[in-house]
Engineer: 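One structure follows; several queries about it will come next.
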Protein chains: 2
Amino acid sequence: MTRLTRAEAKARTRERLLDAAARVFAQKGLAGASVDEIAEAAGYSIGAVYSNFGSKEQLFVELLKEKANDRVIRAAEIMADAEPDEARRAFSQLVIEVADKDADFAPLQAEFWLYAVRNPELMETYAERMREPRDLLTELVGRSVPDPDRAGELSAIVIALFQGLVRMRRVDPDSVPDELFGRALRWLFTGAEADEEQK
Amino acid sequence: MTRLTRAEAKARTRERLLDAAARVFAQKGLAGASVDEIAEAAGYSIGAVYSNFGSKEQLFVELLKEKANDRVIRAAEIMADAEPDEARRAFSQLVIEVADKDADFAPLQAEFWLYAVRNPELMETYAERMREPRDLLTELVGRSVPDPDRAGELSAIVIALFQGLVRMRRVDPDSVPDELFGRALRWLFTGAEADEEQK
DNA sequence: GTCTATAGAGAGATAGAC
DNA sequence: GTCTATCTCTCTATAGAC
């Protein structure tokens, strides 16, 4: 058991606050969550928040900058190691898991998006964070789709569809059966391939 | 110029409040918007809100119930009169218009969805409202896709993709070129058709 | 670096006038 | 049916103790 330096202790507090903030913001929203709630959820009191972040809004922005694409990036990395066929199944599974198991992910993404839309000065930052997982996906798609423009377009479609289906399943599970995303991907790539040959 | 009855005057006030609420909630969110702001935007004062709606939250719920799918329903109706080929172009155009011109639509949809996720007692109501435009679309898709299950699945995919692309274009326009949605639909339906023949 | 206590502002909701 | 005035509570942010 090693002693923590002052800097390490502060970093640990910071991480705990960010994790707690992610949960509370997901459940109550940026405006609906109180600083007190977040601090308490992290096991600290208000003061800890203000000594680590300037304000509630700055805490939210830090969360957006550091964690907005964590899960998506990690998912993309896992996909990158899978076989093409297997990847489709894995993607379908991902919609189910994210929609059914991770209660906080989609609402938090929605909060981030709303904040970006309402605060133009952060929009580019947000867009950049979202481009990272997309670029990873584009690379993955590029293995079976030679044309780089097509690969980019397809990955944009895949991500938009993923987000849309996750939200839809969250409020109306029956409308998004387990294999729907996988099926959509098969149709999409079959169609795109046919299109390519036709040229 | 005809005189308004008492009931008509009240109905008019109610409508104006709902319209103003749509704008203000879209721009500031449910928690971020104040009742005062909404009343002022409608040209009334706080009292008018409380005499027509029980609370800020009830006003929001009324808005969700009455207006959540207005635009989508109307869009679906327009599509229903178009030729299949023309419909794809019209859909693509719709993404652009909704994302670029109607500043309030997507944020308000996000607010509605977040509210439904956070308030389970309203989730089914919300899901029903969203099923209406989807059913219209299913009928439209049914013209070219005989299997009703397939038609239902395809319309779920189309709507999820539509919402996803609108949000993506809103924060990162370059990633969603004008014709992307139309192209995605062509690939999707081509692929689904090929799938059907294969059986 | 974190906690406790508090100042100060803002906003939801109500009561009574018109 | 709508407006004005107000009551009340909650929450952000800060100051000072430890």
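None of the values given here were measured: they were computed from a predicted structure. Here is how names work: the chains are called A, B, and so on, in the same order as the sequence lines, proteins then strands, and each is numbered from 1.
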Engineer: Listed by chain and number, what are the salt bridge (charged side-chain N to carboxylate O under 4.0 Å, His left out) partners of A/E97, not counting sequence neighbours?
Structural biologist: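 Scan of A/E97 (salt bridge (charged side-chain N to carboxylate O under 4.0 Å, His left out), adjacent residues dropped) gives none.
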Engineer: Between P on D/dC3 and NZ on B/K10, what's the gap in Å once rounded to a whole number?
Structural biologist: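 It is 13 Å, rounded to the nearest whole Å.
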Engineer: According to salt bridge (charged side-chain N to carboxylate O under 4.0 Å, His left out), who are the partners of A/R169, at least two apart in sequence or on a separate chain?
Structural biologist: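 Applying salt bridge (charged side-chain N to carboxylate O under 4.0 Å, His left out) to A/R169 gives A/D100, A/D178.
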Engineer: Rest of the hydrophobic cluster containing A/I96 (Ile/Leu/Val/Met/Phe/Trp/Tyr, side-chain heavy atoms under 4.5 Å)?
Structural biologist: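 Reading the cluster by chain and number, A/I96 sits alone, since nothing else belongs.
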Engineer: Between D/dT2, D/dT12, C/dT2, spot the one nearest the side chain of B/S51, thanks.
Structural biologist: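 Side chain of B/S51 sits closest to D/dT2.
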Engineer: Starting from P on D/dT2, measure out to CZ on B/R6 and report it in whole angstrom.
Structural biologist: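 Spelled out: CZ on B/R6 to P on D/dT2 is 9 Å.
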Engineer: Name the atoms and distances for all side-chain donor-acceptor pairs under 3.5 Å in residues 152-164 of chain A, with sequence neighbours left out.
Structural biologist:
unit_1, atom_1, unit_2, atom_2, d
A/E153, OE1, B/R183, NH1, 2.7
A/E153, OE2, B/R183, NH1, 2.4
A/S155, OG, A/T138, OG1, 2.7
A/S155, OG, A/A151, O, 3.4
A/S155, OG, A/G152, O, 3.0

Engineer: Is the backbone of A/E179 close enough, under 3.5 Å, to the side chain of A/R89 for a donor and an acceptor to pair up by distance?
Structural biologist: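 Checking the backbone N and O of A/E179 against the side chain of A/R89, no donor-acceptor pair under 3.5 Å is found.
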Engineer: With a 3.5 Å cut-off and sequence neighbours excluded, list the donor-acceptor pairs that the side chains of residues 184-195 of chain B form with protein atoms.
Structural biologist:
unit_1, atom_1, unit_2, atom_2, d
B/R186, NH2, A/D195, OD1, 3.4
B/R186, NH2, A/D195, OD2, 2.7
B/W187, NE1, A/D195, OD2, 3.1
B/T190, OG1, B/R186, O, 2.5
B/D195, OD1, A/R186, NH2, 3.4
B/D195, OD2, A/R186, NH2, 2.7
B/D195, OD2, A/W187, NE1, 3.0

Engineer: What nucleotide among C/dT2, D/dT12, D/dT2 has an atom nearest to a side-chain atom of A/K56?
Structural biologist: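 Nearest to the side-chain atoms of A/K56, counting from C-beta on, is D/dT12.
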Engineer: Report, one pair per line, the protein and nucleotides 6-9 of chain C atoms (nitrogen or oxygen only) whose separation is under 3.5 Å.
Structural biologist:
none

Engineer: Quickly work out the B/F53 CZ to D/dG1 C1' distance and round it to whole Å.
Structural biologist: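 In whole Å, D/dG1 C1' lies 13 Å from B/F53 CZ.
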Engineer: Has A/K56 got a side-chain atom pairing as donor or acceptor with A/A33's backbone, closer than 3.5 angstrom?
Structural biologist: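 Side chain of A/K56 to backbone of A/A33, a donor-acceptor pair under 3.5 Å: yes, one is there.
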Engineer: Using the test side chain to side chain donor-acceptor pair (under 3.5 Å), find all partners of A/R14 that sit at least two apart in sequence or belong to another chain.
Structural biologist: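 Listed in chain order: A/E62, A/E66.
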Engineer: By the rule that ILVMFWY residues connect when side-chain heavy atoms come within less than 4.5 angstrom, directly or transitively, which residues belong alongside B/L136?
Structural biologist: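 ILVMFWY cluster around B/L136 also holds B/I73.
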Engineer: Test B/L18 against every option in B/L59, B/I38, B/N52 by the side chain to side chain contact (heavy atoms under 4.5 Å, CB included) rule and name the one that passes.
Structural biologist: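 Single side chain to side chain contact (heavy atoms under 4.5 Å, CB included) partner of B/L18 among B/L59, B/I38, B/N52: B/L59.
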Engineer: Would a 4.5 Å heavy-atom cut-off, applied to side chains only, mark A/L94 and A/M79 as touching?
Structural biologist: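 Yes, their side chains come closer than 4.5 Å.
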Engineer: If you restrict it to nitrogen or oxygen atoms, what contacts under 3.5 Å exist between nucleotides 15-18 of chain C and the protein, and what is each distance?
Structural biologist:
none

Engineer: Flag the pair A/R74 and A/D70 as a salt bridge only when some basic side-chain nitrogen lies within less than 4.0 angstrom of an acidic carboxylate oxygen.
Structural biologist: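 Salt bridge between A/R74 and A/D70, a charged N being under 4.0 Å from a carboxylate O: yes.
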Engineer: Side-chain donor-acceptor pairs under 3.5 Å in residues 142-149 of chain B, sequence neighbours left out?
Structural biologist:
unit_1, atom_1, unit_2, atom_2, d
B/R143, NH1, B/A80, O, 3.3
B/R143, NH2, B/A80, O, 2.9
B/S144, OG, B/V141, O, 3.4
B/D147, OD1, B/D149, N, 2.9

Engineer: Using rotation axes that map the C1' atoms of four end pairs onto the next four (five pairs an end), what angle separates the end axes of the helix from C/dG1-D/dC18 to C/dC18-D/dG1, to 10°?
Structural biologist: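 Answer rounded to 10°: the end axes differ by 10°.
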Engineer: Go through residues 11-45 of chain A and report each residue with a non-hydrogen atom lying under 4.0 Å from DNA chain D, sorted by number.
Structural biologist: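 The answer is A/A33, A/S34, A/V35.
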Engineer: Please check the phosphate of C/dG1 (OP1 and OP2 only) for any side-chain N or O of A/N52 closer than 4.0 Å.
Structural biologist: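 For A/N52, the contact criterion (side-chain N or O under 4.0 Å from OP1 or OP2 of C/dG1) is not met.
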Engineer: Starting from P on C/dA13, measure out to CG on B/L59 and report it in whole angstrom.
Structural biologist: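 The distance from CG of B/L59 to P of C/dA13 comes to 11 Å, rounded to the nearest Å.
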